[in-house]
Amino acid sequence: MPRSTTARTLREFHDALLAAYGPRHWWPGETRTEIMVGAVLTQNTNWTNVERAIANLKSADALDWHRLNDMGHDELAALIRPAGYFNVKARRLKKLVEWVVGEFDGDLDAMFARSTATLREELLNVNGIGRETADSILLYAGGHVTFVVDAYTARVLRRHGLIDEDADYELIKELFEGNLPEDEKLYNEYHALLVEVGKQCCRPRNARCEECPLGAFPHDTSR
DNA sequence: TGCCAGGCCGGGT
DNA sequence: ACCCGGCATGGC
């Protein structure tokens, strides 16, 4: 598909999704710290479960880098239990906290002042922070212009014929970044809209989605 | 009731 | 360079 066609299609998809669902007002979280913690907690996990875990952290007054740093594994794991994978996620959160406190003493202004590319590399070096989590933190907590890709994004693009089966994260990310204006608000909205269409109709098993804002004839309905 | 949810890591081939 | 099992809760 020619580059200009891809660019137009991606813009049309965005506009159709926005018309169908309206602005998503993402990320659902009040502070940068909450967004960063939520990004780890939502790994392969339903957001409603994450909300419970975050509510527990708030009740314990634990959404704070130094408090988190002082907390023991078992205490943290108990608080985030509803989010699932609580032992894994407690470890991952502690790794992130160690880095934020160790490198910046919890100063997020200092942290996000680093360049997008540098910060992305550094986040990826933290054990437990992969590409989607890093990009979510950069975009939604830091306001950095970087496109977030997730399972929904890949499935939607695959079903509507824009990528093939084996397209990996970086390729999909570059498809958006190379064909859209470099605009934080646009990236923010687009990713949130892709999640919404993924939840509404582009689900793993539904054979066909007649109501889909992007059209009713997906290429691949098997997954 | 089984399937799914806004991944990521580590070990094996 | 892939491929796969493990990790866990809660909603439908």
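Remember, predicted model here, so these are calculated numbers, not experimental data. Chain letters run A, B, ... following the sequence lines, proteins first, then strands; residues in each count from 1.
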Span that lies between the P atom of B/dC3 and that of C/dG5, in whole angstrom
15 Å
Integer angstrom distance from the P of C/dG10 to that of B/dC8:
22 Å
Without hydrogens or angle criteria, can the side chains of A/Asn87 and A/His73 be said to hold a donor-acceptor pair below 3.5 Å?
yes
Between A/Ser59 and A/Asn56: side-chain donor-acceptor atoms closer than 3.5 Å
no
A/Glu170, CD atom: more than 12 neighbouring heavy atoms under 6.0 Å
yes
Determine whether a donor-acceptor pair (one donor, one acceptor, N or O, separation below 3.5 Å) exists between the side chain of A/Arg92 and the base of B/dC8.
yes
At under 4.0 Å between heavy atoms, what does [X] touch on the DNA or RNA strands: base, sugar-phosphate, or nothing?
X	answer
A/Thr133	sugar-phosphate
A/Leu194	nothing
A/Ala151	sugar-phosphate

Expressed in angstrom and rounded to an integer, what is the separation of A/Arg203 atom CZ from C/dG11 atom C1'?
13 Å
Should the pair A/Glu177-A/Lys173 be classified as a salt bridge under the 4.0 Å nitrogen-to-oxygen rule?
yes
Output the residues of residues 30-59 of chain A in contact with DNA chain B, where contact means a heavy atom of the residue under 4.0 Å from an atom of the strand; sort by number or write none.
A/Thr42, A/Gln43, A/Asn44, A/Thr45, A/Asn46, A/Trp47
Do the ring centers of A/Phe104 and A/Trp65 come within less than 6.0 Å of each other?
no
Check for me whether the distance between the ring centres of A/Phe13 and A/His160 falls short of 6.0 Å.
yes
Which of the following nucleotides, B/dG7, B/dC3, C/dT9, is nearest to the side chain of A/Arg205?
B/dC3
Considering every strand shown, what is the Watson-Crick or G-U wobble mate of B/dA5 when both distances are under 3.5 Å?
C/dT9
